[in-house]
A.B. asks: 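One structure is given below, represented as structure tokens, and several questions about it will come after.
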Amino acid sequence: MARTIAPVYDPQAIEPKWRDAWKKAGLFRVTEDRSKPKFYILVMFPYPSGPLHMGHFRNYVMGDAFARYKLMRGFNVLNPFGWDAFGLPAENAAIQSGIPPRVSIEQNIAISKHELDIMGVLYAWDREVSTCNDDYYRWTQWLFLKFLEMGLAYKQKAAVNWCPKDNTVLANEQIVNGVCWRCGTKPTKKELEQWFFRITAYAQRLLDDLQQLDRWPERVRVMQANWIGRSEGAELEFPVEGDGSLRVFTTRPDTVFGATFMVIAPEHPLVATIVTPHQRRNVDDYIEKTKSETEIERLSTEHKKTGVFTGAYALNPFSNERIPIWIADYVLATYGTGAIMGVPAHDARDFEFATNHALPIREVISPTPRPGGEPLAAAFEAHEGFLVNSGAYDGLSVRDGIARITADAERRGIGKPTVTFRLRDWLISRQRYWGAPIPIVYCPDHGIVPVPEDQLPVRLPEPVEFRSDGQNPLLHTPAFVNTTCPKCGKPARRETDTIDTFVDSSWYFLRYTSPKDDREPFDKTRADFWMPVDQYIGGIEHAILHLLYSRFFMKALFDAKMVSVDEPFAALFSQGMIQRNGAVMSKSKGNGVVPDDIVERYGADTGRVYEMFLGPPDQDAEWNDRGVDGVARFLHRVWRLVVGEEDEVVAGISPVSMEDLSRKRHETIEKVTRDVEAFHFNTAMSALMELANAMQDYLQGGGRRTQSWEAVCRDLTLLLGPFAPHLAEELWQRQGGDGLLVFQPWPAVDPAQLRRSQVTVVVQVDGRLRDRIEMPSGTDAAAAQTLALTRTNVQRAIAGRRVQRAVHVPDRLINLVTG
RNA sequence: GCGGGCGUAGCCGAACUGGUACAGGCGCACGGCUUAGGACCGUGUGGCGCAAGCCAUGGAGGUUCGAGUCCUCUCGCCCGCACCA
């Protein structure tokens, strides 16, 4: 075949051409085609915050390469993209600059799209969604109403986390390290009527089903399990002297005889009734103090366990002992029953509290069946022990003690086994403008009235006037607030809070399956066809937030019979971040590398391959400008190998035979395939470099460009396709390939080609390497041993001793054991 | 404190199920080619030793014919959670 003139590799000259070709060919435009297996790949959609840098691009390149790979493997690949476009930054920018959020968001989307485009990253753009468009948020509102109907949405007054900087409430998950996840401000508590989603109703299922997610990173599953925080124990009821009773939750009912005090949270309802007049003043002072100090103080690990005596006593239902009731802020009102029994001998926190307040410490669990005489220096919390000082229960193991005491409490009607979760309901109200309005009307006569489905969307008024005090502009937009009751038509007031943007992103992967549907959030048949997402890719920072919320949504929608699977993401990959000069790449640090510069200087393919090559994809990696040069060299070399003209025979290199090169070809196919499936893109790139190096050695050793050579070139080109797609298409065309490379089948391994006739077998004597011998593949143990014994190195090592036995690993190793 | 993970060349890192430790890239050295080039090509590149060889995967033990890989202890680093009873 006549080769066309092959100038040097000039990425800028060829890249735009192929991007156009892919667009024309409708790459990633798909339907529910049942003739091929489906594959739904998804990269977490971004908040459009402005220019993307190469740090952001790592997961987009990975996703794009993987999608192209799956296409070549014959899958029907759904590879959509969109924008998590509601949210605070655009609103804050609007307050400062006066540019309406929609305008800045649309500008940012245009910039981001340009950058994806020049990097050769393509999606099913015909399925693009943007959460701030009313054809999307209409269905977010619809789902809110669905949850309301299912009893999964409710309004309640609660002490909620309030971010004073962002002027809005936050869900528990959105407090990270004790501060607002977005702006780092310490939240305060506020009593507000707010909307919640009843995620706690799914706590057990969210926990149990983590086990199915065997293709998720272990650490993400562990984080979710910890967050859900299931604990098994019992509720026990202690009569309060005089009147009423106090319920506590404990994981250690076996220690009930060691309860020497009770503690209730400062917010506990009993505070109002049980405090004796004598103690009232102290209690009021204490509660006042905890209120003012709380957030900053309570976050400190050094926080001392303070508290105050109520003057009231409870009766231990097992020992009939009189126990003082205290108030302390180390007991949380929102967990369990908001009250505990203090067992200082067997709980570190209670131990500290008892020590601070001179309360008795009584050992009731002992490592041996007899009580130890010494006073405890610290709480003994282990479960390996026996009950002591516990009346009829003495001598029982902890396990049996828990079972017996719980059972007896239940029989006597003063307790029951209980499971408690750390997970709280999801607070979804936000006192902000740039989000989906909660579709609720407040009527003087009918109270809370959902906006009827056919009146959706409740449109966000645009434009609005932003206020310098940070208050939600919706409050001050009468045309929005003033409405009529859907039930009676009388004047009514609209809810002015908007929906947490994490709700928007909890179902977008379903919307992609039927993005234009104007009758429902998504078409069930299509969602059933594509779901679950087969491969999800995104940052670890969403390990709890987005991923837990989305799992909850999927289970709720499953129960509503709107979907047929109840886990959204079958496999999850969390990529590491890219750093440069020791810090995570970011615009503000000035250490970002932008795609435009890479494209201009090296071409998009070099940038793409470098991002795949620079380290294990799940770990953080350091961007090294020189490393980019190395990758550029590699791609230039590939160009010369495949379409170059002048082959120079070089003296002094070890030549590679065509037999070796053909084997290398198939080894590379095998390795790259295995690595891509496992997301080991860095080693896949190494394998391609090795193949190119071997090809070069072949030519420089005098090898000719025969048909076998052309076959090696073809496979190298195909294997490079997902990673350096522009270069690969160009080479494919120049080699006379039919159609677009991206639609070609992935190369197949020929096992016959992997076989070697001669192998290098390692000879060890007593486990130490002594020699290497070339021998025919398949040589048996006896023959290998005989061969080994002919070698002088081996004889010297044996030094006249007898070989007792030999360990033989066929075609790899023979170990002669003398001792 | 609890949970998860990681320590391999000057640097980033390979090593699938225990079987030739360090593939690939960067850097460095020398050489070639070039009017020039952060271009390209070649050779070399863990330590000690003239060599045979010995020593090397944070450290110390152990299991095994054989350990970077498995087990125990230990040191260091990173990441989550952090009064959840």
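Letters go in sequence order (proteins before strands), and every chain restarts at 1. Since the structure is predicted, the reported quantities are computational estimates derived from the model, not experimental observations.
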A.B. asks: Determine the contact category for Arg772(A): base if any of its heavy atoms lies under 4.0 Å from a base atom, sugar-phosphate if only primed atoms, P, OP1 or OP2 are that close, otherwise nothing.
C.D. replies: base

A.B. asks: Arg633(A) has an atom CZ; how far is it from atom C1' of G24(B), in whole Å?
C.D. replies: 13 Å

A.B. asks: Students often get this wrong, so: under 4.0 angstrom with heavy atoms, is Leu614(A) touching a base, only sugar-phosphate, or nothing?
C.D. replies: sugar-phosphate

A.B. asks: Taking the P atom in each of A56(B) and G3(B), what is the distance between them to the nearest angstrom?
C.D. replies: 33 Å

A.B. asks: Between C41(B), A85(B), C81(B), spot the one nearest the side chain of Gln696(A), thanks.
C.D. replies: C41(B)

A.B. asks: Using atom C1' in both nucleotides, what's the gap between G25(B) and C70(B) to the nearest angstrom?
C.D. replies: 32 Å

A.B. asks: Using heavy-atom distances to pick each residue's nearest nucleotide on RNA chain B, tell me which of Tyr335(A) and Gly630(A) is more 5'.
C.D. replies: Gly630(A)

A.B. asks: Is the distance from OP1 or OP2 of C12(B) to the nearest side-chain N or O of Gln619(A) less than 4.0 Å?
C.D. replies: no

A.B. asks: Would you please confirm or rule out a distance under 4.0 Å between OP1 or OP2 of G19(B) and any side-chain N or O of Gln764(A)?
C.D. replies: no

A.B. asks: Strictly distance-based, threshold 3.5 Å: is any side-chain N or O of Gln12(A) a donor or acceptor partner for the main-chain N or O of Val599(A)?
C.D. replies: yes

A.B. asks: Taking the C1' atom in each of G42(B) and G10(B), what is the distance between them to the nearest angstrom?
C.D. replies: 23 Å

A.B. asks: Checking the side chain of Asp771(A) only, and the main-chain atoms of Asn793(A) only, is there a donor and an acceptor separated by less than 3.5 Å?
C.D. replies: no

A.B. asks: Would you mind reading off the distance between Leu545(A) atom CG and G80(B) atom C1', rounded to a whole angstrom?
C.D. replies: 13 Å

A.B. asks: Calculate the interatomic distance between His808(A) atom NE2 and G19(B) atom C1'; express it in whole Å.
C.D. replies: 12 Å

A.B. asks: Taking only heavy atoms on the protein side, list every residue of residues 214-230 of chain A lying under 4.0 Å from any atom of RNA chain B, sorted numerically.
C.D. replies: Arg219(A), Val222(A), Met223(A)

A.B. asks: With respect to the side chain of Thr683(A), which nucleotide from A14(B), A82(B), G53(B) is positioned closest?
C.D. replies: A14(B)

A.B. asks: Expressed in whole Å, how much space separates the C1' atoms belonging to G24(B) and A15(B)?
C.D. replies: 12 Å

A.B. asks: Select base, sugar-phosphate, or nothing to describe what Glu690(A) touches, counting heavy atoms under 4.0 Å on all strands.
C.D. replies: sugar-phosphate

A.B. asks: Do Asp629(A) and Arg626(A) sit within salt-bridge range, that is, some charged N less than 4.0 Å from a carboxylate O?
C.D. replies: no

A.B. asks: Using a strict threshold of under 4.0 Å (side-chain N to carboxylate O), is an ion pair present between Glu667(A) and Arg665(A)?
C.D. replies: no

A.B. asks: Among side-chain atoms of Tyr9(A) and Thr606(A), is any donor-acceptor pair under 3.5 angstrom?
C.D. replies: no

A.B. asks: Answer yes or no on whether Lys305(A) is positioned over the face of Phe353(A), meaning its NZ or CZ is under 6.0 Å from the six-membered ring centre and within 45° of the axis.
C.D. replies: no

A.B. asks: Which one, A85(B), A14(B), G42(B), comes nearest to the side chain of Ile340(A)?
C.D. replies: A85(B)

A.B. asks: As a test of reading the structure: which of G19(B), G24(B), G42(B) is closest to the side chain of Arg812(A), going by heavy atoms?
C.D. replies: G19(B)

A.B. asks: Please report the distance separating the C1' of C55(B) from the corresponding atom of G68(B), rounded so that it comes out in whole Å.
C.D. replies: 16 Å

A.B. asks: Taking A39(B) as the reference, what is the distance to C26(B) when you measure between their P atoms (whole Å, please)?
C.D. replies: 11 Å

A.B. asks: Within the 4.0 Å heavy-atom criterion, would you say Gly615(A) contacts the bases, only the backbone, or no part of the nucleic acid?
C.D. replies: nothing

A.B. asks: If only side-chain N and O atoms count, and only distance matters, is there a donor-acceptor pair under 3.5 Å linking Thr200(A) with Arg424(A)?
C.D. replies: no

A.B. asks: Using a heavy-atom cut-off of 4.0 Å across all strands, would you classify Val817(A) as base, sugar-phosphate, or nothing?
C.D. replies: sugar-phosphate

A.B. asks: For RNA chain B, produce a single dot-bracket line, 5' to 3'. Pairs: Watson-Crick or G-U wobble, both distances under 3.5 Å. Symbols: ( ) within strand, [ ] crossing, | other strand, . unpaired.
C.D. replies: (((((((..(((......[....)))((((((.......))))))(((....)))..(((((..]....))))))))))))....

A.B. asks: Expressed in angstrom and rounded to an integer, what is the separation of Met612(A) atom CE from G25(B) atom P?
C.D. replies: 18 Å

A.B. asks: Do Trp216(A) and Asp214(A) get their side chains close enough for a donor-acceptor pair, meaning under 3.5 Å?
C.D. replies: no

A.B. asks: Using the C1' atom as the reference point in each nucleotide, state the distance between G5(B) and G58(B) in Å, no decimals.
C.D. replies: 16 Å

A.B. asks: With a 4.0 Å cut-off on N to O distance, would you call Asp597(A) and Arg601(A) a salt bridge?
C.D. replies: no

A.B. asks: Using a heavy-atom cut-off of under 4.0 Å over every strand shown, decide if Asn815(A) touches base, sugar-phosphate, or nothing.
C.D. replies: base

A.B. asks: It should be established whether Asn624(A) places a side-chain nitrogen or oxygen under 4.0 Å from OP1 or OP2 of nucleotide G27(B).
C.D. replies: no

A.B. asks: Using OP1 and OP2 only, check whether a side-chain N or O of Ser231(A) sits under 4.0 Å from A85(B).
C.D. replies: yes

A.B. asks: Choose from G25(B), G38(B), C26(B) the nucleotide whose nearest atom is closest to any side-chain atom of Asp629(A).
C.D. replies: G38(B)

A.B. asks: Name the nucleic acid region contacted by Arg805(A), choosing base, sugar-phosphate or nothing; use a 4.0 angstrom heavy-atom cut-off, strictly under.
C.D. replies: base

A.B. asks: Between the main-chain N or O of Ala543(A) and the side-chain N or O of Gln224(A), is there a donor-acceptor pair closer than 3.5 Å?
C.D. replies: yes

A.B. asks: For Arg770(A) and G66(B), is the shortest distance between a side-chain N/O and OP1 or OP2 below 4.0 Å?
C.D. replies: no

A.B. asks: Which whole-number value in Å describes the distance from Asp620(A) CG to G5(B) C1'?
C.D. replies: 13 Å

A.B. asks: Whole angstroms only, please: what is the CD1-C1' distance between Ile814(A) and U20(B)?
C.D. replies: 15 Å

A.B. asks: Taking the side chain as C-beta and beyond, is there a heavy-atom pair between Met262(A) and Ile340(A) under 4.5 Å?
C.D. replies: no

A.B. asks: Pick the P atom in C71(B) and in G18(B), then give their distance to the nearest Å.
C.D. replies: 12 Å

A.B. asks: Could you please name the option among G25(B), A14(B), A82(B) that lies closest to any side-chain atom of Asn682(A)?
C.D. replies: A14(B)

A.B. asks: Between His680(A) and Thr337(A), just flag the one whose closest nucleotide in RNA chain B comes earlier from the 5' side.
C.D. replies: His680(A)

A.B. asks: Please tell me whether Asn693(A) and Arg637(A) have a donor and an acceptor in their side chains that are separated by less than 3.5 angstrom.
C.D. replies: yes

A.B. asks: U64(B) C1' sits how many Å from Asp766(A) CG, rounded?
C.D. replies: 13 Å

A.B. asks: Can you tell me if Arg768(A) touches the phosphate of C65(B), counting only side-chain N or O atoms and a distance under 4.0 Å to OP1 or OP2?
C.D. replies: no

A.B. asks: Of all the nucleotides listed (G24(B), A14(B), C28(B)), which has the minimum atom distance to the side chain of Arg626(A)?
C.D. replies: C28(B)

A.B. asks: Using atom CE of Met695(A) as one end and atom C1' of C41(B) as the other, report the distance to the nearest whole Å.
C.D. replies: 17 Å

A.B. asks: When you look at Glu384(A) and Arg399(A), which way does the salt bridge (Lys or Arg N to Asp or Glu O under 4.0 Å) test go after all the steps?
C.D. replies: CA-CA 9 Å; Glu384(A) 291 76 41; Arg399(A) 229 184 99 131; over 6 Å; no

A.B. asks: Across the strands shown, which category fits Asp625(A) at heavy-atom distances under 4.0 angstrom: base, sugar-phosphate, nothing?
C.D. replies: nothing

A.B. asks: Which nucleotide wins on minimum distance to the side chain of Arg637(A), given the candidates A85(B), C28(B), G25(B)?
C.D. replies: G25(B)

